[in-house]
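See structure below.
Chain letters run A, B, ... following the sequence lines, proteins first, then strands; residues in each count from 1.
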Protein chains: 2
Amino acid sequence: MTTQCRYCPLLRKDAFVRMSKEEIEFMQKFKAGELTVEPGTPILMQGSNAPQLFTVLSGLGIRDKMLENGQRQVINFVFPGDFIGLQAGVLGKMGHSIEARTHMRLCVFNRSEFWNFFKNHPSRAFDITWLAAIEEHFLGETLATLGQRTAVQAVAWALVRIYQRGETLGMVTNNQMELPYTQRDMADALGLSLVHTNKTLAKLKERQLASWSDRTLRISNLHALAEVAVTSLTEPPKRPLM
Amino acid sequence: MTTQCRYCPLLRKDAFVRMSKEEIEFMQKFKAGELTVEPGTPILMQGSNAPQLFTVLSGLGIRDKMLENGQRQVINFVFPGDFIGLQAGVLGKMGHSIEARTHMRLCVFNRSEFWNFFKNHPSRAFDITWLAAIEEHFLGETLATLGQRTAVQAVAWALVRIYQRGETLGMVTNNQMELPYTQRDMADALGLSLVHTNKTLAKLKERQLASWSDRTLRISNLHALAEVAVTSLTEPPKRPLM
DNA sequence: CGTCAGATTGACGTAAGTCAAAGTAGGTGG
DNA sequence: CCACCTACTTTGACTTACGTCAATCTGACG
């Protein structure tokens, strides 16, 4: 029923650090099962103390946070290979929610066994910290985007990062990839209004930099787009896979 | 010369989880020394691969990031007990810089021994992850601030968080604490212009919510300020101390 | 065919940015 | 001890990027 870790489709993706046979077997011991969810399903809820941690096997989701006045901030977009639930796993409480945007398959780990990672396999523990550091790094960049980039720069930046992420996961064919989010999601991610986000996307399309419609993102000149985004195009570093 | 860990002044602060004797002794083994710096000194540089990690023993600093066009984003303010350099320690590269704003004393750990944390003391490894998760949580809140809060709300939010942090560290006396940052720092932290930040602070003072001048922050009605900030006043959870 | 979620467009409003000048205070050298 | 920096804060006048409102359009779906 459940895929054996050694056959995990993610193992072969560029995005990830290779895993040793021994590591794969170790992970297998912790795999409690698989979870399959449909678009729109909440996976983890802000404020909850989830008993489980997940690695996204396939599909896309979104991580967001509600303010007390109902405003919504999208923290980031969740892609295959993302390890989710760490906050609840460590702090006992999620600071945000995670919801599926497409059909998703998740690898399930029990939090009760989380401690064993640290106890029995220090290098895997290190990898968890590694993931946390990557996340922190990315959030820092996002902060700089919301704080310092103009709308055009911000949208360009987001598209570049998403596209790069897609590339390392083999989701890009012919300069295009599926991107099943709404403009509202993007607006809430960048702290822009829906209308302005729409107009900004139109501008990028007009300038022949990127087009995003019908759930598909098309980027012909990544370099030029990155220029607009005030970013340099460095290859995203490989990340550990849990 | 160098303080023994068991006499570390931070051990007794409310902010932190109590450490066992055994843990303290373990940390002592890794303490490579102390670093003392004057205001304005850069401690870690964006893009660098620092050979050391630090725990802030005393003093305040700032964590910021430069865009390629020279814009500056302040990621957060660094307080005693903060563990800095994790990004370089794990990713081999800092995504931001850290600079002293007052005289600071730092506890120094060598990165070469970092791995031993994980290997020899899993619960300390877990604590590092814990810290990373707290950081991630906080950055998520900051994102929501930049993306969703108005200027008044954002400034109020920042002051509340700073004040709370100060409280757990015993830096608050008589509803006031020293806050040696500039309005430019605050502006860059919140993605606002210097002028607008200034005017926003004036508004909060006028409304009798908070005043910040002569390097000192005075808050008479924290509750009301939190109201304005659209946050609830929950006690910040205790954090591990490295 | 009606409904609904999402995308698009135009007119208009405003929070926040920019510019520019002046005020304040600590620090330094003559 | 004064004159002069320099860094920071404060204020007012003006500009603009982005938000809000409201209508229309599109396509999927039952």
Do A:E38 and A:H103 get their side chains close enough for a donor-acceptor pair, meaning under 3.5 Å?
yes

Whole angstrom is fine here: how far is it from CE in A:M186 over to C1' in C:dG6?
15 Å

Looking at C:dT8, I'd like to know if its phosphate oxygens (OP1 or OP2) sit under 4.0 Å from a side-chain N or O belonging to A:Q183.
yes

Starting at NZ of B:K205 and ending at C1' of D:dT11, how long is that distance when rounded to a whole Å?
14 Å

Could you check whether any side-chain heavy atom of B:P80 comes within less than 4.5 Å of a side-chain heavy atom of B:L60, counting everything from C-beta outward?
yes

Is it the case that A:Q71 and A:D188 place a side-chain donor and acceptor less than 3.5 Å from each other?
no

Within the 4.0 Å heavy-atom criterion, would you say B:T182 contacts the bases, only the backbone, or no part of the nucleic acid?
sugar-phosphate

Gap between atoms NE2 and P, on B:H196 and D:dA17 respectively (whole Å)
16 Å

Would you indicate what A:G191 reaches in the nucleic acid, counting non-hydrogen atoms under 4.0 angstrom: base, sugar-phosphate, or nothing?
sugar-phosphate

Between C:dG17 and B:K199, counting only base atoms on the nucleotide and side-chain atoms on the residue, is there a donor-acceptor pair under 3.5 Å?
no

Taking any heavy-atom pair under 4.0 Å as a contact, classify B:T150: base, sugar-phosphate, or nothing.
sugar-phosphate

Rounded to whole angstroms, how far apart are CZ on B:R149 and C1' on D:dG19?
19 Å

Output the rounded distance in Å from CD (A:Q148) to P (C:dG17).
10 Å

In whole Å, what is the span from the CG atom of B:L192 to the P atom of D:dC18?
14 Å

As a quick check of understanding, evaluate ring-ring contact (aromatic ring centres under 6.0 Å, His included) for A:F77 and A:Y181, giving each step before the final call.
CA-CA 9 Å; A:F77 300 107; A:Y181 300 101; 4.4 Å; yes

Rounded to the nearest Å, what distance is computed from the CZ atom of residue A:R215 to the C1' atom of nucleotide D:dT26?
16 Å

With sugar-phosphate meaning primed atoms plus P, OP1 and OP2, does A:L194 contact a base, only sugar-phosphate, or nothing at under 4.0 Å between heavy atoms?
nothing

Determine: side-chain N/O of B:N198 to OP1/OP2 of D:dT9, distance under 4.0 Å, yes or no.
no

I'd like to know if the side chain of A:E68 pairs up with that of B:S232 as donor and acceptor (distance under 3.5 Å, no hydrogens or angles considered).
yes

Please state how far atom CG in B:D214 lies from atom P in D:dT10, giving the value in whole angstrom units.
9 Å

